2 protein chains.
Amino acid sequence: MLTERQLLILQVIIDDFIRFAQPVGSRSLSKKDEITFSSATIRNEMADLEELGFIEKTHTSSGRVPSEKGYRYYVDHLLSPQTLKKDDLQLVKSIFAERIYELEKLVQKSAKILSELTNYTAIALGPKVKDNKLRKIQIVPLNNETAIAIIVTDTGYVQNKMIQLPPSFDINELEKMANILNDRLVGVPLTDLKDKIYKEVVTLLGQHIRNYDVISALLAESLNNVSKNEKLFYGGKTNMLSQPEFHDVDKVRSLLSVIEHEPDMYKMMRQNPAGITVKIGRENNNSALENCSFITATYSIGKDQVGTIAVLGPTRMEYSRVISLLDMFSHDLTALLTRLYQNN
Amino acid sequence: MLTERQLLILQVIIDDFIRFAQPVGSRSLSKKDEITFSSATIRNEMADLEELGFIEKTHTSSGRVPSEKGYRYYVDHLLSPQTLKKDDLQLVKSIFAERIYELEKLVQKSAKILSELTNYTAIALGPKVKDNKLRKIQIVPLNNETAIAIIVTDTGYVQNKMIQLPPSFDINELEKMANILNDRLVGVPLTDLKDKIYKEVVTLLGQHIRNYDVISALLAESLNNVSKNEKLFYGGKTNMLSQPEFHDVDKVRSLLSVIEHEPDMYKMMRQNPAGITVKIGRENNNSALENCSFITATYSIGKDQVGTIAVLGPTRMEYSRVISLLDMFSHDLTALLTRLYQNN
DNA sequence: ATTAGCACTCAATAACTAAGAGTGCTAACA
DNA sequence: TGTTAGCACTCTTAGTTATTGAGTGCTAAT
């Protein structure tokens, strides 16, 4: 167990390092207001803290730098919930005051603002629409070979897909088909659409439409994609370039390639427990993120967790500020989305 | 006027520098197969070429490096139209063989492949849909306050926009309204839509629908955006990181910030004459692009120039290869788009 | 238990050196 | 007269050596 004084020193070291990105020495520490004892004492304490694994030296005679364990302890126990500046607060509130009613735009904008407020990279996932219900399906013929299928969900999500019509398909039958589909499918959750088409609607279509098999297969396939449409949005992808730990182009490259590799990002963004999660350095299980921390927050519609918003920064990150901001975004997003979309 | 021998030397210098990114000296030049004269002779010729401004030294006793004027001459007069490797050719052809019928996806994919083939950054603009005609307009109510307007063009382009309904608006009237709009507006070019709504349709709506003024204003505004929907697509945004001229993070940052500043990119991508245009270094009028060349190619539907596809690389770029590739993309895109969309 | 003092370590910087690639010029050559 | 061999000179690069300064650990005094 750490003594009060060790905690104080650990905290001050981390705060200082987060701020200046330079190893912290005993002498400079002793000059801080909150430190009332001498540099020699600090050296002794630091030696202990190092032995316990909370701080490290970059070389034998250097100042100390927080270790991952140190950051972890800091995040878990030492974080003072920082209150945000008025300006920042207002900026965030202003997004949610704007009349953006399209879920995706809202989320996208959140990522952008979040990256601007933090100077790190922000990533947003979602919102998941799997529980959304079909509101309308429409098939618009473009010419003899092509039609475009459009579906609208009850949350206002629109997706469209081009369909190549089977040869010699009668365009006039498209309308009939759309009517049948709407009759039968409006109100059905998107995830069940494909099933429902095959189980119930296909036979019905067969009674009215020639070539119904080909086209309903096409349609079912197109619709199928809709349910997995969680999207990733980025803000400040290149913000990391201004962090001193990324003055090396090779590091930048490997970092950017992780960020841009969507499958990995999906994995990292999904399956987070409700609330805020902090992953520090190697906790991310990704060598390119060794010097990064990744903080995620979930947001919901009602009680349904529908997405995640996250910040990726150097391990030397302003945890307190980022966590406060994420918390705010998470709550505001949840509140707004819930208000708008819960009871349709 | 340059002598044959000077041209040869200039060409070999540039080819070598493009390949190895190192100043080229007289001795190493003299070892090349195509060079039959001594290094001393080369030195004399190089002195002349330098005086004429085609090559430069990086310091008093260094080898020579092409100047902008040198590149310009090279591009204008020395470029041997390189034939592409079979693999590359096949890769390109394969995109256009795939059954992608959505314009934007096609263009997007082109940018991606182009960046992969060149290892530079590829940018695509378009396709412009201003001449597209309205195929269908649909208004789907979501609840009492919100509806979603969807328009489809004859090229299969779909755009949607949320509309906040005026309070106490009767949802049933939306359908009436959509019918009127479809009656009157199908076949109208998108650019004329707004005008047409105000001039012809508003009065008609007034006869049938309460609150017609608010909602038609809303609608006209939404539709208005559609006409300027040329989009930018990127491929290989971070490819420049692997170019030796961008080993410095500051340069990377300023370059990326130019690339990501869409208004500037729009300007650079628009208003290019038909065919291929090469801008070298400062010809780009942008200090962050001083060490870059920017090659654009236009593509069309029929005779209508509808977009641009471009490559941004270091001035030390494989001009020949890039130009060949762009030429190919430009032609294939034009051919495919023309086939698909000209006569609808 | 704390701290002043001191010897020691190591990174960073600057100053110097040697090697090597390249140039320009001159004089000899075909 | 155009070409080339030869040579002195220049400048970068890489390696070596001091020098400085921030920092540490340890010891002994308070």
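Each chain gets a letter, A, B and so on, in the order its sequence line appears, and its residues count up from 1. Quantities reported herein were computed from a predicted structural model and do not represent experimental measurements. Reckoned from all heavy atoms, side chains included, excluding hydrogens, waters and symmetry mates.
- At D:dT24, one or more side-chain N or O atoms of A:Ser26 fall inside 4.0 Å of OP1 or OP2 (strictly under the cut-off).
- For A:Ser28, no side-chain nitrogen or oxygen approaches OP1 or OP2 of D:dA22 to under 4.0 Å.
- Atom C1' of nucleotide C:dT23 and atom CD of B:Glu56 are separated by 16 Å, given to the nearest angstrom.
- Contact between A:Ala288 and A:Leu255 at its shortest, heavy atoms only, is O-CD1, 4.1 Å.
- Side-chain proximity of B:Ser38 to C:dA4, C:dA11, D:dA5: nearest is D:dA5.
- Counting only heavy atoms from C-beta on, A:Ala47 has its side chain closest to D:dG25 among C:dG22, D:dG25, D:dT24.
- Distances shown here put a side-chain N or O of B:Arg5 below 4.0 Å from the OP1 or OP2 atom of D:dT3.
- For the pair B:Glu4 CD and D:dG2 P, the interatomic distance rounds to 17 Å; values are reported in whole Å.
- Side chain B:Ser61 to base D:dT10: a donor-acceptor pair is found below 3.5 Å.
- No hydrogens or angles considered: nothing links the side chains of B:Tyr71 and B:Ser293 as a donor-acceptor pair under 3.5 Å.
- The distance between atom CG of A:Asn44 and atom P of D:dG23, rounded to the nearest whole Å, is 17 Å.
- Side-chain atoms of A:Ser257 and A:Ser254 form no donor-acceptor pair, as typed in the model, at a separation below 3.5 Å.
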*Test side-chain contact (heavy atoms from CB on, under 4.5 Å) applied to A:Phe37 and A:Glu45, step by step*: CA-CA 11 Å; A:Phe37 30 91; A:Glu45 297 286 29; 5.6 Å; no
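- Between the C1' atom of D:dG23 and the CD atom of A:Gln22 lies a distance of 13 Å, rounded to the nearest Å.
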_Derivation of the side-chain contact (heavy atoms from CB on, under 4.5 Å) call for A:Ile280 and A:Tyr74_ = CA-CA 11 Å; A:Ile280 297 166; A:Tyr74 176 82; over 6 Å; no
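- If you take CD1 of A:Ile55 and P of D:dT24, they are 9 Å apart, rounded to a whole angstrom.
- The CD1 atom of B:Ile42 sits 13 Å away from the C1' atom of C:dG22 (whole-angstrom rounding).
- Within the structure, a side-chain polar atom (N or O) of A:Lys57 is placed less than 4.0 Å from OP1 or OP2 of D:dG25.
- Residue side chain B:Arg43 reaches the base of C:dG24 through a donor-acceptor N/O pair under 3.5 Å, judged by distance alone.
- In this structure, the CZ atom of B:Phe17 is 14 Å from the P atom of C:dG22, given to the nearest Å.
- Here the nucleotide nearest the side chain of B:Thr41, chosen from C:dT2, C:dG24, D:dT3, is D:dT3.
- The side chain of B:Phe37 has D:dT4 as its nearest neighbour among D:dT4, C:dT3, C:dC25.
- When rounded to the nearest whole Å, the span between CD of A:Glu51 and C1' of D:dT24 equals 15 Å.
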